[in-house]
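Below: one structure, written as structure tokens.
Numbers restart at 1 for each chain; the letters A, B, ... are given by sequence-line order, proteins then strands. Values reported hereafter were calculated over all heavy atoms of this structure, with side chains retained and with hydrogens, waters and symmetry mates removed. Owing to the predicted nature of the structure, the values given are computational and were not obtained by experimental measurement.
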Protein chains: 2
Amino acid sequence: MLTNKTKAQTKAGKTYQLILDAAAKLFSKQGYHGTSLKEIASNVGMQAGSLYYHFESKEVLMQEVLDKSIQLIYSTVQSEVAKLDKQAGFAELLTAAIHGHLIAILSYSDYTLASIRNYGQIPAAVHKASQFARDDYEQFWRGFIQQAERTGAIREGVDGHLLRLSVFGAMNWASVWFDSKENNAADVEKIAKFQANIFLNGCLPEGEKYGI
Amino acid sequence: MLTNKTKAQTKAGKTYQLILDAAAKLFSKQGYHGTSLKEIASNVGMQAGSLYYHFESKEVLMQEVLDKSIQLIYSTVQSEVAKLDKQAGFAELLTAAIHGHLIAILSYSDYTLASIRNYGQIPAAVHKASQFARDDYEQFWRGFIQQAERTGAIREGVDGHLLRLSVFGAMNWASVWFDSKENNAADVEKIAKFQANIFLNGCLPEGEKYGI
DNA sequence: GTCTATAAGGCGATAGAC
DNA sequence: GTCTATCGCCTTATAGAC
């Protein structure tokens, strides 16, 4: 892994980060195919050809954006979960995980939206580079939800698989409608608390149940 | 509206529909900018230039796909809601609406995924053409959720705005992970019942509440 | 209605000067 | 490290034959 380490040090360069940020911003707004290298270069005050000193191709540039996206999300979630007591139950865990995921995708929306919007419409080889990191993150969610199913922390008959996918949908969709210019960190907190509350307790008045 | 009527009759042509279907399929998988007219034409056994007999531009082709997408969704939802009793309450209405929306987006996923994936990364003029239809559909959801807030069918403190956006996220995200080759209509029914159940009752065991 | 041919321009990527 | 210049290819769209 010496190659990766060397690469990582090189990539810490200032210009490299500026290019990556500009690419993420444009990919998120116009899509991978809708963004030209000329446009990215222009955003950092360069000519298109000069980018090739920092990146070997447009595809690799996208790979880096996808990779950084998942790294940002998972590390933020882990940091939120680490704040919990060791004996924290399922409800606390779910709330912290939702909070972390939303903080990440709404704070670094250039990266996460670039990932969400373009995933599935780029060459398979491009998003395969970040597949392991994605699998790791998914496994974290699978893990604590499966445990909740086993211990009865989740109501009988609730499919943990569909629960995870529904929570992901509600969260990720927020990156589509959330406007970081109009909203702030307090709004992110509000959305996180709302979603945890809804998925745990539902929206019906206390004591009422429907269809179970 | 004579122009539109004439246009609509012309558009009922068989070739027109084949082109529209091929465009939706490719736009959904590769994105608007990642799909060429040559590729669309090839899918219906034509040369790229020949498409211009049926469509005046690639942008108009996309507009038609977006428009058909929202029409399919709203009409399916209305049809599901129409099956309900007139005195049906909020829970029945939400369940029927979720069911209709999921049937539509998972059955016609070429159209709806083309819409979801490309919305926001295409020229503003393109999706403005279907904005009125989208607003109508959104207003339908706003309407019955606001009424539920007023009548107390929704628990005190639950923000109807965030509820609607969360339900939309969970549903629309399903079009990303649902595989219509591996799954069937019974699975769509299962997902719809699950999501209605979760948003109404939550996932905690009966009688348990967290954080309220 | 569909074809072929082509116009006019943008694309990713490379080479060599500085 | 960044520039200019350029290659070869692909794109949307049009014109005219059939």
Side-chain angles (χ1 to χ4, degrees), chain A residues 6-27 29-66 114 118 121-127 129, chain B residues 6-27 29-66 114 118 121-127 129:
Chain A
T6 313
K7 240 180 162 184
Q9 285 170 344
T10 306
K11 285 176 185 172
K14 203 180 169 187
T15 310
Y16 175 96
Q17 293 300 329
L18 284 175
I19 295 170
L20 206 60
D21 286 351
K25 192 171 92 184
L26 291 167
F27 286 157
K29 285 182 183 157
Q30 308 171 339
Y32 175 74
H33 295 289
T35 304
S36 69
L37 293 177
K38 193 180 171 186
E39 222 172 344
I40 296 172
S42 162
N43 260 253
V44 292
M46 269 186 173
Q47 298 299 314
S50 309
L51 293 177
Y52 284 84
Y53 177 82
H54 301 276
F55 293 93
E56 65 183 64
S57 73
K58 187 185 180 186
E59 292 201 352
V60 169
L61 190 47
M62 186 67 190
Q63 277 176 22
E64 300 290 341
V65 171
L66 293 182
N118 293 293
Q121 60 182 254
I122 47 177
V126 175
H127 54 71
Chain B
T6 314
K7 239 182 164 182
Q9 286 170 343
T10 307
K11 285 178 186 171
K14 203 180 169 185
T15 309
Y16 176 96
Q17 293 300 328
L18 285 174
I19 296 170
L20 205 60
D21 286 351
K25 193 171 90 183
L26 292 167
F27 286 157
K29 286 180 182 157
Q30 309 172 339
Y32 176 75
H33 295 288
T35 303
S36 68
L37 293 177
K38 194 181 173 186
E39 222 173 345
I40 295 171
S42 163
N43 259 252
V44 292
M46 270 185 171
Q47 298 299 315
S50 309
L51 292 177
Y52 286 84
Y53 177 82
H54 302 276
F55 293 92
E56 64 184 63
S57 72
K58 188 185 179 185
E59 292 201 351
V60 169
L61 190 47
M62 185 67 190
Q63 277 177 20
E64 299 290 340
V65 171
L66 293 181
N118 293 293
Q121 60 181 256
I122 46 177
V126 175
H127 54 70

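Ile40(B) and Leu61(B) make their closest contact through CD1-CD2, 4.0 Å (heavy atoms, listed as atom of the first residue, atom of the second, distance). Closest approach of Lys58(A) and His33(A) over heavy atoms only: NZ-CA, 4.2 Å. Closest approach of His127(A) to Ile122(A), counting heavy atoms only: CD2-CG1, 3.7 Å.
Between Ile122(B) atom CD1 and dT12(D) atom C1' the separation is 17 Å, expressed in whole Å. Rounded to an integer number of Å, the gap from Gln30(B) CD to dT11(D) P is 11 Å. The distance between atom CE of Met62(B) and atom C1' of dA13(D), rounded to the nearest whole Å, is 19 Å.
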Pairs under 3.5 angstrom only: tabulate donor-acceptor contacts from the side chains of residues 42-53 of chain A to other protein residues two or more places apart or in another chain.
from	atom 1	to	atom 2	distance (Å)
Asn43(A)	ND2	Glu39(A)	O	3.3
Ser50(A)	OG	Gln47(A)	O	3.4

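In this structure Ala114(B) satisfies the side chain to side chain contact (heavy atoms under 4.5 Å, CB included) test together with Phe27(B), Ser28(B), Val65(B), Asn118(B), sequence neighbours excluded. With sequence neighbours excluded, no residue satisfies ring pair (Phe, Tyr, Trp, His ring centres under 6.0 Å) with His54(B).
Atoms OG1 and CG, from Thr15(A) and Leu20(A) in turn, are 12.0 Å apart once rounded to the nearest 0.5 Å. From Glu64(B), atom CD reaches atom CZ of Phe55(B) across 6.0 Å, with rounding to the nearest 0.5 Å.
With a cutoff of under 4.0 Å to any heavy atom of chain A, the contacted region of DNA chain C is bounded 5' to 3' by dC11(C) to dT14(C).
Nucleotides of DNA chain D nearest to Tyr53(A) and Glu59(B) differ in position, and the one nearer the 5' end is that of Tyr53(A).
A heavy-atom distance below 4.0 Å to DNA chain C is reached by none of the residues of residues 31-43 of chain B.
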